[in-house]
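Okay, structure first, notes after.
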Amino acid sequence: MTLKIYNTLTRKKEPFETIEPGHVRMYVCGPTVYDKAHVGHAMSSVIFDVIRRYLEYKGYKVSHVMNYTDVEDKIIARARELGEEPLELAERYMREYDQHLRDLNVLPATVYPRASHEIDQIIEMIQGLVERGLAYAVGGDVYYRVARFKGYGKLSGRRPEDMRAGARLQVDERKEDPADFALWKAAKPGEPAWDSPWGPGRPGWHIECSAMNLRYLGDQIDIHGGGNDLIFPHHENEIAQTEGLTGKPFARYWVHNGMLQLAGEKMSKSLGNLITIEQFLQEHEPDVFRMLVLNSHYRGPLTFSDDVVMQAERALERLRSALRPASPSPQAPPKAAEALAAKARETRLGFEAAMDDDFNTPGALSHLFDLVRAINQARDAGVDQETLGAAQEVLRELAGVLGLRLDRPQAGSREAAPYIDLLIEVRERLREAKHWELADLIRDRLTELDVVLEDGKAGTTWRMR
RNA sequence: GGCGACGUAGCCAAGUGGUAAGGCAAGGGUCUGCAAAACCCUCAUUCGCGGGUUCGAAUCCCGCCGUCGCCUCCA
């Protein structure tokens with residue numbers, strides 16, 4: 001099976017072919033670190049983590065670059081508000097985001113570049129664009145000359161004329177054309193600034209990604225990703241900058257994720273309708289979030305609500321139910337083991353077919369749930385642990401490709417375990433003596449403490465809820 | 001106004017020409033002292049609405065209605 005990926009550039013699903021055999025160069029736009037990150041950012045990181053994991057599952061080596069934008073107007077404004085140095089503020093939020101990524105089980109990128117560390121490369125690139133007549137300096141600023149780049153608008157499907165007509169563009173008198181955008185901004189007093197051929201200043205937002213790509217991945221990459229709100233102008237401008245300079249097609253596949261919505265609107269800092277990653281993780285385990293993201297296709301919008309979170313919680317529990325140990329029985333039908341092994345093979349094929357089709361994670365999950373049912377059936381039928389374990393291993397592996405941790409130890413349970421075991425033992429005696437009231441009291445009180453007791457044939461087991 | 005998505009059961013959500021995956025919830029049953037979990041059964045003759053193409057459409061075409069995104073910083 002060949003992997004197909006939807007390419008924003010062509011608006012089609014295309015067979016995936018890398019520039020260099022077996023090696024994927026992937027760049028994903030990370031957050032601008034001026035405030036706490038919200039679950040929308042987390043969704044994007046999780047989606048590209050799943051893409052990366054699947055590519056690795058397929059045998060590719062993946063060079064994965066995710067940038068942090070740490071020089072930007074909002075950072076400066078926010079730092080001024082808080083009386084903090086802009087770069088320090090950015091550093092603080094960057095560390096926080098990094099911790100979130102670890103909590104969310106997002107594999108570390110190969111490199112995490114940041115704008116403030118790439119100034120030399122950025123300046124060099126702007127100079128190159130000026131030399132080629134694609135950029136011009138005006139009073140310490142440098143602008144990109146959009147009219148000189150013939151492919152401008154090919155990603156977003158916009159024409160420069162449309163943008164000039166747009167009444168929402170603020171006309172800057174110094175620009176040759178209202179559609180031109182800033183590559184370098186002259187420093188105003190008190191702003192972070194670096195020396196440049198055009199005087200002290202700082203890079204515009206779009207140029208940093210072009211520069212980092214060039215430096216860490218080369219002039220042509222396989223996958224360029226980010227939220228679909230970045231298609232225009234950010235990615236359109238990146239294409240203009242990079243291709244303007246190199247004359248070669250920049251990214252082969254442009255991959256964009258849909259937006260997370262809250263109460264019918266895009267979750268965003270400017271709208272103020274957001275749930276921070278921190279808030280979410282205080283109340284739920286990280287895999288619940290991942291489950292939520294996996295349950296809908298990455299390109300579509302995802303509406304966040306308590307209901308949807310709860311459904312993800314329960315679905316994850318169901319996935320985990322399959323990992324319970326076998327209860328072998330001599331009466332196990334001889335064909336049960338064979339049937340389970342066949343189901344496991346079938347699941348892998350279905351899973352791969354779904355993922356090969358533009359990372360159809362809801363489809364992939366449906367195959368995992370089919371395997372869950374088959375495993376539970378086989379356990380009820382009494383197959384031995386070896387047979388059950390083999391199927392469970394497949395489930396664990398494929399869930400792992402999606403980044404789900406099915407048997408992650410529950411926080412806090414280790415310390416409590418001996419005491420819970422003691423209570424179960426006492427309750428066992430009570431049950432033998434048919435003291436149901438007391439036995440049930442122990443079970444109910446433990447349930448209130450989120451410790452769920454389950455009486456099975458092989459004795460009582462417990463789990464954290 | 002321009003560009004682009006989307007509208008599938010009570011909820012979430014796959015499916016893009018051959019007769020509706022999966023999850024949650026709900027109801028019934030098996031198991032259990034009772035539960036929980038698991039298992040079995042039930043749960044969209046139908047895919048926003050109206051036309052059209054076709055032997056055949058949720059899937060293609062046209063129109064309409066509705067929701068959302070981008071066009072300005074945004075994952």
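Throughout, a chain's letter reflects where its sequence line sits, starting with A, and its residues are numbered from 1.
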Taking the six-membered ring for Trp, are A/H367 and A/F351 closer than 6.0 Å centroid to centroid? no
Are A/H224 and A/F250 near enough that their ring centres are under 6.0 Å apart? yes
Per-nucleotide protein contact along nucleotides 32-40 of chain B, 5' to 3', at a 4.0 Å heavy-atom cut-off (B base, S sugar-phosphate only, - neither), is -BBBBSSSS
If a protein heavy atom is under 4.0 Å from the base, mark B; if only from the sugar-phosphate, S; if neither, -; do that for nucleotides 9-20 of chain B going 5' to 3'. --BBSSS-----
How many whole angstroms separate atom [atom1] of [X] from atom [atom2] of [N]?
X: A/L316; N: B/G23; atom1: CG; atom2: C1'; answer: 12 Å
X: A/L155; N: B/C3; atom1: CG; atom2: P; answer: 17 Å
X: A/D49; N: B/A75; atom1: CG; atom2: C1'; answer: 15 Å
X: A/R320; N: B/G23; atom1: CZ; atom2: P; answer: 17 Å

Under 4.0 angstrom, heavy atoms only, what part of the nucleic acid is [X] near: base, sugar-phosphate, or nothing?
X: A/G40; value: base
X: A/L230; value: sugar-phosphate
X: A/S156; value: sugar-phosphate
X: A/M291; value: nothing
X: A/E313; value: nothing
X: A/G30; value: sugar-phosphate
X: A/D370; value: sugar-phosphate

Would you measure the distance from the [atom1] atom in [N] across to the matching atom in [M] and give it in whole Å?
N: B/G52; M: B/G17; atom1: P; answer: 23 Å
N: B/U8; M: B/G23; atom1: C1'; answer: 15 Å
N: B/G51; M: B/A57; atom1: C1'; answer: 14 Å
N: B/G7; M: B/C60; atom1: P; answer: 11 Å
N: B/G18; M: B/G22; atom1: C1'; answer: 22 Å
N: B/A36; M: B/U32; atom1: C1'; answer: 10 Å

Between A/R299 and A/Y6, is NZ or CZ placed under 6.0 angstrom from the six-membered ring centre and within 45° of the ring axis?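 Output yes; distance and angle both within limits.
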[N] pairs with, by Watson-Crick or G-U criteria that keep both distances under 3.5 Å:
N: B/C34; answer: none
N: B/C64; answer: B/G48
N: B/C39; answer: B/G29
N: B/U54; answer: none
N: B/G17; answer: none

Please verify the inter-ring angle class for A/Y144 with A/F149; under 30° counts as parallel, over 60° as perpendicular, anything in between as tilted. perpendicular
Can you tell if the side chain of A/R324 reaches within under 4.5 Å of the side chain of A/N376, non-hydrogen atoms only?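 No. Closest side-chain heavy atoms not under 4.5 Å.
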Partner of A/S156 by side chain to side chain donor-acceptor pair (under 3.5 Å), out of A/H235, A/E236, A/H234: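 It is A/E236, the one option of A/H235, A/E236, A/H234 that forms the side chain to side chain donor-acceptor pair (under 3.5 Å) with A/S156.
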Can you see whether A/E14 engages A/T10 through a side-chain donor-acceptor pair at a distance of less than 3.5 angstrom? yes
